[in-house]
Amino acid sequence: MRILPSAVRTALTTAITLVGLTASSLPAQTASQDDLNALREQIRQLDQKLRILERSQEIKDETAAADAKKQAKVTFTDKGLTFASGDGANYLKLHGLVQADSRSFFGGKNGPNNNDAFLIRRARLIFEGGFAKNYEYLIVPEFGGASGNGTLTLLDAYINVNLKPEFQVRAGRFREPVGLEQLQSDAVAFFAERSLVSQFVPNRDIGVQLWGDLLDGTLGYAIGAFDGVPDGTSNASNTDINNEKNYAARLFAQPFKNNKDSALAGLGFGVAGSIGKENNNAGALTSGYKTDGQQTWFAYNAATVANGSVSRVSPQAFYYNGPFGLLTEYVLSSVEVRNGATKRQLQNDAWQIAAGYVLTGEDAGYKGVTPATNFSLVDGTWGAFEVVARVASASIDKGAFTGAAAVADLTKSAEEATAYGVGLNWYLSKTVRASFDYFNTDFKLPASAALAGTPVVAHQENAFVARLQLSF
Amino acid sequence: MKLKSLLSLLAAVALTGTALAKDIELLNVSYDPTRELYVDYNAAFAKYWQAKTGDTVTVKQSHGGSGKQARSVIDGLQADVVTLALAADVDALYENAKLLPKDWQKRLPNNSAPYTSTIVFLVRKGNPQNIKDWDDLVKSGVTIVTPNPKTSGGARWNYLAAWGYALKKYGGDDKAKEFVGKLYKNVPVLDSGARGATTTFVQRGIGDVAISWENEAYLAVKEFGADKFEIVVPSVSILAEPTVSVVDKVVKKKGTEAVAKAYLDYLYSDAGQEIAARNFYRPRNAGILAKYSANFAKLDLFTIDDVFGGWTKAQKTHFADGGIFDEIYLKK
């Protein structure tokens, strides 16, 4: 309850007290009943005035508080800049992501160790918003990565109609619901670079998706139709390369999610897949599967085209418990290809197991680590540290390397790649992370290999990737 | 998979989700003094609906000044049904946001007013200011509590009841305006809703008389004791008709149209009418009204249509910005 200004309150209280004292101090024999009644009435009136003033002030405060709720709000936190209408139904959040990398290769003999570089891996402005609570959108332009040469790429641009958590429709350009690691935000993954597995699932594509979380959020589903993109790549043309569509679906369960005390609360598992068809399209094939150091270890022959069905299936799981986290997935990617008279149905597959442990005790999670303290020399605090390790392997169908005209590019392709990675993540604050990753990749060459020049696959790849990242 | 197959699958997923939805939630956006009424009514309806369909329905309540509540729904509050103090506030949902059809009032019996009430006076025990009728309210030294007609439906009924009395007794709008002007000179503070005004009078001890909904006055006496308060029934008052409606746009979006409609229909059932009567609202059902007649004083009641030509006209003349109430209260 808002109290009256003290001066007013004191004056009124004093007046009431004086009147009261006067009344009580009057000798009974000299004060007539009329005098007492008059004084009582005077006290009553003053008391009423005081109560009315207090209530008026309360109503003014209530009105001011209600009006304040209607005012638009601007907040700036470590999660970004937010503009929101008074009722929160309409909002715009501005986020950002910058990753400054150093990539170094060493230990190879004749390999192309000329890729050592400083680079801007990602530089994004993220516009996230909504109208009338139910209508959400995300627009993400990319200034870094491949577009770091001055061009700009539209990374995400979609509208999400959030009718209820169980039933949502998303349309536009966004990640296809297939790869577990691919669906995880770039900024919070264990390693600076995704594993070999993510090269075998589609990345961002244009389409429409029905999705939601059922059973109190313990079962997520997504099913959608897309233009279709090759393994590990995004739709770069803003159109389809043919009339055929790709269909993707995913089911992911976290059955103990709502039982926070359970050791299995952080367990999630599921299966995802996609299916589609391509007709004589070179553009429907990956331009190359890449190592952790982002060098190509397998490529199709330039004359090879996709010609038939394309599908992927991926069982996947994660487990987080306190500072420990584990993520694993497998993907089988099938594609029908043709190089002249050579036709093949290739069954390529990959798997990975990645784990992390937060040394400073904070919880690990699919959405990242939040440090309990910031790194500060003044305060003597160090933020959070996490050690991570990963094993991943990928193999190409042997059929890719045989036939009159092999569908693989025999001059620079391996049949298998096995990568080991270890790393240290230092969370300097909720928004700044430094990571230091070492990757070692072994290659197994096909019998028909005809390496030319100084291909990546000629020797092991030893790569060191350091990153300083700002994410808010 | 062909697109047709995919669409069929999408439809199947959507339908399955709908079919499994056995728990239904409704939001009833109502005015200030109906809290107790709808607590009772919602429980009865949930029981009725579960017996009829097997579904569990939970009705959430939102209360405040009727005008303010209407504004909230216009601004996006997802009300499945509104049960407001007067038709003008429901009309506003059509006029400002087309949330329901223009002829919403014809969809239910009795112009969509399943119960009525009237305006009476709540005074302190012993009636120290000897208030018996409207004329006693304009006397010098009498302090009146009534809410703000700009935000409260009950306050508008209070205002119009006083106006109608003066019109009948003194004749002519000028005389009525003068009378109501004098009355508001005795109002030191305007709460935003009827429940707030009751609290101001009953718990804060402000004022000699509260102009109040009949049901609210009875509730105050029941809650705080007949040894503290009395009800004074004036010679003339207004027949207050709180109105109800489904909010079409919201229920279509949420898929709650059938249950929302049933919720309002049930207000007209014998069970619904009994609950209204038990909460001191005058039921439309003559038999049930007779059963509870001891609760409802007989007095001369006029309607808003008879004296003011309906809510649309009354709203525009008296309560719109720059209307007569503004003239009266700003002058004060």
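Labels below follow one simple rule: chain letters A, B, ... track the order of the sequence lines, proteins then strands, and each chain is numbered from 1.
For B:Asp136, the salt bridge (charged side-chain N to carboxylate O under 4.0 Å, His left out) partners at least two apart in sequence or on another chain are B:Lys139. Partners of B:Glu230 according to the salt bridge (charged side-chain N to carboxylate O under 4.0 Å, His left out) rule, which considers only residues two or more places apart in sequence or in another chain, are B:Lys125.
The two atoms that bring A:Ile52 and B:Thr143 nearest to each other are CD1-CG2, 4.2 Å, heavy atoms only. Across every non-hydrogen atom of B:Arg204 and A:Arg51, the tightest pair is O-NH1, 2.6 Å. Summarising the geometry of B:Pro188 relative to A:Ser56, their closest heavy-atom pair is O-OG, 4.3 Å, with the distance given to 0.1 Å.
Atom NZ of A:Lys73 is surrounded by more than 12 heavy atoms from other residues, nucleotides or ligands within 6.0 Å. Within 6.0 Å of atom CG in B:Asp227, more than 12 heavy atoms from other residues, nucleotides or ligands are found, so the atom counts as buried in its surroundings. Heavy atoms from other residues, nucleotides or ligands lying under 6.0 Å from NZ of B:Lys98 number more than 12.
A:Ile59 touches chain B through its side chain: at least one heavy atom from C-beta onward sits under 4.5 Å away, while N, CA, C and O do not. Neither the backbone nor the side chain of B:Lys68 comes within less than 4.5 Å of any heavy atom in chain A. With a threshold of 4.5 angstrom between heavy atoms, A:Gln48 approaches chain B through side-chain atoms but not through N, CA, C or O. In this structure, chain A has a heavy atom under 4.5 Å from the backbone of B:Leu190, while its side chain stays farther away. Residue B:Asn148: no heavy atom, backbone or side chain, is found under 4.5 Å from chain A. Contact annotation for B:Ser192: neither backbone nor side-chain heavy atoms come within less than 4.5 Å of a heavy atom of chain A.
Note: B:Lys254 NZ to A:Leu163 CG = 12.5 Å, rounded to the nearest 0.5 Å.
Looking only at heavy-atom pairs under 4.5 Å with chain A, the residue among B:Gly141, B:Gly76, B:Gly205, B:Gly196 that has the most is B:Gly205.
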Exercise for the section: Show your working on side chain to side chain contact (heavy atoms under 4.5 Å, CB included) between A:Arg55 and B:Asp191 and close with a plain yes or no. Expected result: CA-CA 9 Å; A:Arg55 184 66 187 133; B:Asp191 278 277; 2.3 Å; yes
